[in-house]
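Worksheet for the structure shown next.
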Amino acid sequence: PVAASANSMTDCPGGDTCTRAAAIGNTHYDTLQEAITAASPGQTIKLCNDIDSSQPIEVSKTLTLDLAGHKISNTSPIWDGSKKHWSLIRVANEGNLTLTGNGILEALQGDCYAVDLYDTDSNCTIEDGTFIGNVHAVYVFAGNLTVNGGTFSVKQKYSEEYPDEYVLNCYDDNYKNETASITVNGGIFQGFNPQDCRAEGEGTDFCSDKCIVTSEEKDGITAYTVAPLTAENAVAQVDGGYYDSLQDAINAAERGETVVLLKDTTENVTIASGKDLQLDLNGKTLTETTYMDVQGVLTIKDRTATSAPQISSDYETVTYQSGKIANTGTGILVSNGGELILESGCVHSTSGNGINVNGNTKMEGWENAIDSAVTITGGYVHSREYGIGVYGNGAVVNVEGGVVVADDNGAIAGNGSYNSDSNGDGVTDNYGGTEINIRGGTVIGHIVSSGYIAVGIYHPQNGELNISGGTIYAD
């Protein structure tokens, strides 16, 4: 070997025979700090051995530190509040450090953090590895931390009540003025949920919107795993982007885009006014606990529904393979000028109405129509009560295809015109002014409750009923 300087060696043979701390290419250094000082911006430093550090290692330039499976730790205290020595590694000034190589940073019990960022222009990206600190594994006084992977925990706990709530943490004032930030895209966190923690106030969410958090309890500690959203773990997809909730996907969708449901999910979603999108059920089930609220324009379809609903000859059974929107109450409410088009897929309510469409239902100002509409061109609406309920001035139902079935009421129905307060909201109602157009499809009304008769279409309200095609059956 040829000596490059007093503290470096060129052409070190490496491997088990190397006793140096770190290397840049073939140049090896006695200490990691010497390698950092010698490195040019953008270079990679690779650890050659484990390091027992007695003072913070500071990075103030753009570097990648490849831990190469090694460990940086301290057996003597590093913490010195008067010198602001807080961690095994500090990123300061305009430092931009990437940590990789699946190594370990482990602080002495009761002493320091694993990593800290100190200045507004300091940046650190953690790709993998294990980071064990005290109170905090990584602390951002100022700057920007990005976590793409790794495992994070603390030895010294914050408190008995909140032992692991600050594994990642920012200096509060700098977090508030946006000069300190943490973004988590991946990693495993012991006892600490980066999507819902107390670090910067109750409910702090450090996770990006492109990841998903799962949890598993082991030995009395809950481990939270953050992983990038993919087709395998996401709930929905829009234009190549993945989302962990259907509502997030709907919110992200631009006009005319298609939201694809990737897995069964339970949530109540809203299609806000101004939205115009398609929902592909993709053979999956969306379970609503209240109802789907459609105030924009929504087209529902299902790419897996390769054939139309098949109706038995006695009209008692409908066979249809597709995804569905399921509810025990109203499946979908279309109101405030919303528009719903069902091309394929199923809407199923086990105890309420399948779909409600509301125009202007208030007696006062009733003459001002609110144009809300439901159009069925295919698919299957199946309910216990009304298949489709139509209420108020401006409410329109068009059936051009598909099947609408009510098990114990009218398949398509209104609720009269003048009511004192039929829904108990303290407002006098007028459910008239509707328009129902049957141009195709099949409308089936059954009855189970005694004392009632089966009704295909129930139309007690003031409004238009136009039948020019289709099949209407009641038994």
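Basis for what follows: all heavy atoms, side chains included, without hydrogens, waters or symmetry-related copies. The residues of the chain are indexed from 1 along the displayed sequence.
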Compare every heavy atom of [Y] with every heavy atom of [X], then report the nearest pair and how far apart it is.
X    : Y    : value
I212 : N233 : CD1-O, 3.3 Å
D475 : A454 : O-CB, 2.5 Å
D164 : G191 : CB-O, 3.4 Å
G256 : Q278 : O-NE2, 3.9 Å
T258 : D280 : CG2-CB, 3.9 Å
S322 : C346 : OG-N, 3.5 Å

Can you tell me how far [atom2] of [Y] sits from [atom1] of [X], rounded to the nearest 0.5 angstrom?
X    : Y    : atom1 : atom2 : value
I72  : L65  : CD1   : CG    : 5.5 Å
I45  : L63  : CD1   : CG    : 4.5 Å
I355 : L340 : CD1   : CG    : 5.0 Å
E127 : L67  : CD    : CG    : 12.0 Å
N356 : N415 : CG    : CG    : 10.0 Å
I250 : L246 : CD1   : CG    : 4.0 Å

Is there a donor-acceptor pair under 3.5 Å between the side chain of [X] and the backbone N or O of [Y]?
X    : Y    : value
N398 : T375 : no
Y291 : V269 : no
N327 : S349 : no
E200 : C170 : yes
Y386 : G414 : yes
N430 : T361 : no
N360 : N368 : yes
W366 : G392 : no
T330 : I332 : no
D119 : S122 : no

> Between V140, T204, I182, which is the residue that forms a side chain to side chain contact (heavy atoms under 4.5 Å, CB included) with Y175?
Replying inline: T204

>> Taking side chain to side chain contact (heavy atoms under 4.5 Å, CB included) as the criterion, tell me which of V396, V357, L342, I412 meets it with V374.
In response: V357

Do [X] and [Y] have a side chain donor and acceptor closer than 3.5 Å?
X    : Y    : answer
Q295 : N336 : yes
N96  : E94  : no
S208 : N185 : yes
D128 : N102 : no
N409 : E385 : yes
S87  : D116 : yes
D196 : N193 : no
N268 : T289 : yes

> For the residue pair Y380 and H382, does the interplanar ring angle fall in the parallel (under 30°), tilted (30 to 60°) or perpendicular (over 60°) class?
Replying inline: parallel

> Parallel, tilted or perpendicular: which describes the rings of Y315 and Y473, with under 30° parallel and over 60° perpendicular?
Replying inline: parallel

> Going through the checks in order, is the side-chain contact (heavy atoms from CB on, under 4.5 Å) test met by H348 and I325?
Replying inline: CA-CA 6 Å; H348 184 204; I325 297 170; over 6 Å; no

> Should we count CD of E367 as having more than 12 external heavy atoms under 6.0 Å?
Replying inline: yes

>> Applying salt bridge (charged side-chain N to carboxylate O under 4.0 Å, His left out) to R384 and D407, what does each step give before you reach the verdict?
In response: CA-CA 5 Å; R384 171 75 178 186; D407 289 338; 6.0 Å; no

>> Go through it in stages, so that I can follow the logic: the residues are L286 and K324, the test is side-chain contact (heavy atoms from CB on, under 4.5 Å), and I'd like the CA-CA distance, side-chain angles, deciding distance and then a yes or no.
In response: CA-CA 6 Å; L286 167 63; K324 65 181 177 180; over 6 Å; no

So that I can tick it off, tell me whether [Y] and [X] are bridged by a salt bridge, with the cut-off set at under 4.0 angstrom between side-chain N and carboxylate O.
X    : Y    : result
K362 : D429 : no
R255 : D276 : yes
K71  : E106 : yes

> Regarding R198 and the six-membered ring of Y166, is the cationic atom NZ or CZ under 6.0 Å from the ring centre and inside 45° of its axis?
Replying inline: no

> For V167 and H136, what are the C-alpha separation, side-chain angles and deciding distance, and is it a side-chain contact (heavy atoms from CB on, under 4.5 Å)?
Replying inline: CA-CA 4 Å; V167 170; H136 317 313; over 6 Å; no

> Among all residues two or more places apart in sequence or in another chain, which pass the ring pair (Phe, Tyr, Trp, His ring centres under 6.0 Å) test with F131?
Replying inline: F152

> In chain order, what residues pass the side chain to side chain contact (heavy atoms under 4.5 Å, CB included) check against S449, with sequence neighbours excluded?
Replying inline: D408, Y452

> Centroid-to-centroid, Y224 to F189, below 6.0 Å?
Replying inline: no

> Within a strict 4.5 Å, meaning less than it, do heavy atoms of the V405 and V403 side chains meet?
Replying inline: yes

> Step by step, would you call S372 with E339 a side-chain contact (heavy atoms from CB on, under 4.5 Å)?
Replying inline: CA-CA 6 Å; S372 308; E339 181 180 359; over 6 Å; no

